[in-house]
2 protein chains.
Amino acid sequence: MRGKRHDKPDNCMVEVAMEILGGRWKLAIVYKLLQGTHRFGELKREMDGITPRMLTRQLRELEEDGIVARTVYPEVPPRVEYSLTDTGRSLDTIVGLLDGWGRSYLDNHHPSAGPGRN
Amino acid sequence: MRGKRHDKPDNCMVEVAMEILGGRWKLAIVYKLLQGTHRFGELKREMDGITPRMLTRQLRELEEDGIVARTVYPEVPPRVEYSLTDTGRSLDTIVGLLDGWGRSYLDNHHPSAGPGRN
DNA sequence: CGGTATCCCTTCCGATACTG
DNA sequence: CAGTATCGGAAGGGATACCG
């Protein structure tokens, strides 16, 4: 999903969004940060199963793409806070709709009976 | 993005949507099909650079996930038409917003000057 | 606390050639 | 026309251990 950076002379710009948000934990992070600023450790604790390596990587990529802002406080012990940029906050509606869509998807395809190729 | 099928007892269902829509060509396909039913060859011609193998795979996965409906007409030469299910059409708003977001993202991060880690 | 470094496996996905 | 078969590279991402 990465590698070809947003070079889409295409008709449809959906893929641009996907290149930026397509990572395994990207939207989950944005979702958390929509609720407010978080420290590294907070995110790590609240995102079930993520390794520090992955959290760092995804945060750095979101930062480079202008979605997340990283603030380092020169204290001991170190404190680093992550928040959304304006661009990041502009994902509010979309993330909300995706969350709702996923929710109702799990309903309609009632997980009790659903096979779900696995 | 695939493999762990929609098993998210989590707080946020965004990842469910991502597992379904996260493929390289998935949303581009949905985007096309939102404009109406298409035949295999039509999609292939209109989606720049996609190989038949990839088109088949992504269509099949979308079908298994209940997004796309596949209709085979027993004719010679063969004709197969792809359209969206109700679930697929329910992505209309989201796809539109993602498209708009990608578009304005490319603007704000004016591609003329933007470095874009590559 | 907030990360890195290393290793390695899996999945994705593109190229190419072939088929009913 | 609408696919399949096979191959192989590359990116994504998890486990574990260590660092300033």
Side-chain angles (χ1 to χ4, degrees), chain A residues 1-8 15 18-29 32-33 37-65 68-83 117-118, chain B residues 1-8 15 18-29 32-33 37-65 68-83 117-118:
Chain A
M1 216 81 198
R2 297 223 124 205
K4 316 188 32 182
R5 302 302 291 162
H6 350 306
D7 45 353
K8 273 285 146 189
E15 315 187 25
M18 275 314 180
E19 281 178 27
I20 295 172
L21 308 171
R24 168 81 181 76
W25 305 92
K26 295 268 175 76
L27 281 183
I29 292 172
K32 286 288 178 208
L33 294 186
T37 297
H38 283 69
R39 299 181 57 170
F40 185 89
E42 289 174 334
L43 286 173
K44 177 156 164 30
R45 247 174 291 112
E46 293 177 30
M47 317 244 316
D48 197 44
I50 196 170
T51 60
R53 167 184 139 87
M54 268 301 131
L55 184 52
T56 303
R57 284 185 50 127
Q58 308 266 301
L59 280 169
R60 288 293 196 285
E61 292 185 358
L62 286 170
E63 192 190 354
E64 289 172 32
D65 287 335
V68 159
R70 180 170 178 266
T71 313
V72 182
Y73 295 88
E75 310 171 356
V76 243
R79 179 160 62 102
V80 179
E81 289 189 349
Y82 294 92
S83 57
R117 154 182 30 87
N118 218 354
Chain B
M1 215 82 198
R2 296 224 129 204
K4 317 187 31 184
R5 302 302 293 163
H6 353 301
D7 46 352
K8 273 284 146 189
E15 316 186 23
M18 275 315 179
E19 281 177 28
I20 295 172
L21 309 171
R24 169 79 180 77
W25 304 93
K26 294 270 175 73
L27 280 182
I29 291 172
K32 286 289 179 204
L33 294 186
T37 297
H38 283 68
R39 299 182 55 172
F40 186 88
E42 289 175 335
L43 286 172
K44 178 156 164 28
R45 247 174 291 114
E46 293 177 30
M47 318 243 315
D48 199 44
I50 196 171
T51 60
R53 169 182 138 87
M54 269 334 265
L55 183 52
T56 302
R57 283 189 51 126
Q58 308 265 301
L59 280 169
R60 289 292 197 286
E61 291 185 359
L62 287 170
E63 191 190 354
E64 288 171 33
D65 286 335
V68 159
R70 178 170 180 265
T71 313
V72 182
Y73 296 88
E75 309 171 354
V76 243
R79 179 160 62 103
V80 180
E81 289 189 348
Y82 294 93
S83 58
R117 154 183 29 92
N118 219 352

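Small disclaimer: the values here were computed from a predicted structure and weren't measured. The figures here come from the full heavy-atom set of this structure, side chains too, leaving out hydrogens, waters and symmetry mates. Residue numbers start from 1 in every chain, and the chains themselves are labelled A, B, ... in the order their sequence lines are given, proteins ahead of strands.
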K.L.:
Please report the distance, rounded to the nearest Å, between CZ in B:R45 and C1' in D:dA2.
P.N.:
12 Å
K.L.:
Report the residue (A:G49 or B:P77) whose heavy-atom-nearest nucleotide on DNA chain D is the more 5′ of the two.
P.N.:
B:P77
K.L.:
For the side chain of B:T51, counting heavy atoms from C-beta on, which of D:dG14, C:dC1, C:dG14 is nearest?
P.N.:
C:dG14
K.L.:
Side-chain N or O of B:R57 versus OP1/OP2 of C:dT11: is the shortest distance under 4.0 Å?
P.N.:
no
K.L.:
Counting heavy atoms from C-beta on, name the nucleotide in D:dG14, D:dG3, C:dG3 closest to the side chain of A:M54.
P.N.:
D:dG14
K.L.:
Determine, for A:K26 against A:E61, whether the closest basic-nitrogen to carboxylate-oxygen distance falls under 4.0 angstrom.
P.N.:
yes
K.L.:
Counting any heavy atom closer than 4.0 Å, what does B:R70 reach on the DNA or RNA strands: base, sugar-phosphate only, or nothing?
P.N.:
sugar-phosphate
K.L.:
Within the 4.0 Å heavy-atom criterion, would you say A:E42 contacts the bases, only the backbone, or no part of the nucleic acid?
P.N.:
nothing
K.L.:
Across the strands shown, which category fits A:E81 at heavy-atom distances under 4.0 angstrom: base, sugar-phosphate, nothing?
P.N.:
nothing
K.L.:
Round to the nearest Å and state the distance from B:K44 atom NZ to D:dT4 atom P.
P.N.:
14 Å
K.L.:
Which atom names give the shortest non-hydrogen contact between A:I50 and A:K44, and what distance separates them?
P.N.:
O-NZ, 3.6 Å
K.L.:
Looking only at heavy atoms, which two atoms of A:Y82 and A:V68 are closest? And how far apart?
P.N.:
CD2-CG1, 3.8 Å
K.L.:
What contact category does A:Y82 fall into here, base, sugar-phosphate, or nothing, at under 4.0 angstrom with non-hydrogen atoms?
P.N.:
sugar-phosphate
K.L.:
So which heavy atom on B:E15 is nearest to which on A:A28, and how close?
P.N.:
OE2-CB, 3.4 Å
K.L.:
Kindly say if A:R24 contacts the phosphate of D:dA11, meaning a side-chain N or O under 4.0 Å from OP1 or OP2.
P.N.:
no
K.L.:
Whole Å only: how far is the CG atom of B:L55 from the P atom of C:dC13?
P.N.:
13 Å
K.L.:
Please evaluate the base of C:dG14 for a donor-acceptor partner in the side chain of B:R53 within a cut-off of under 3.5 Å?
P.N.:
yes
K.L.:
Does the side chain of B:Q58 get closer than 4.0 angstrom to OP1 or OP2 of C:dC12 through an N or O atom?
P.N.:
no
K.L.:
Distance check needed: D:dG12 P versus A:L62 CG, whole Å only.
P.N.:
13 Å
K.L.:
Using atom CH2 of A:W25 as one end and atom P of D:dA11 as the other, report the distance to the nearest whole Å.
P.N.:
22 Å
K.L.:
So which atom in A:S83 and which in A:T37 form the shortest heavy-atom distance, rounded to 0.1 Å?
P.N.:
CB-OG1, 3.5 Å
K.L.:
Taking CE from A:M47 and C1' from D:dG13, how many angstroms apart are they, rounded to a whole number?
P.N.:
13 Å
K.L.:
Could you give the CD-to-P distance, from A:E46 to C:dG2, as a whole number of Å?
P.N.:
13 Å
K.L.:
Which pair of heavy atoms, one from B:M18 and one from A:L21, lies closest together, and at what distance?
P.N.:
CE-O, 4.1 Å
K.L.:
For B:I50 and for A:L59, locate the closest nucleotide of DNA chain C by heavy-atom distance; then report the residue assigned to the nucleotide nearer the 5' terminus.
P.N.:
A:L59
K.L.:
Between C:dG2, D:dA17, D:dT4, which one does the side chain of B:T56 approach most closely?
P.N.:
D:dT4
K.L.:
Measure CZ/A:F40 against C1'/C:dT4 and give the value in whole Å, please.
P.N.:
10 Å
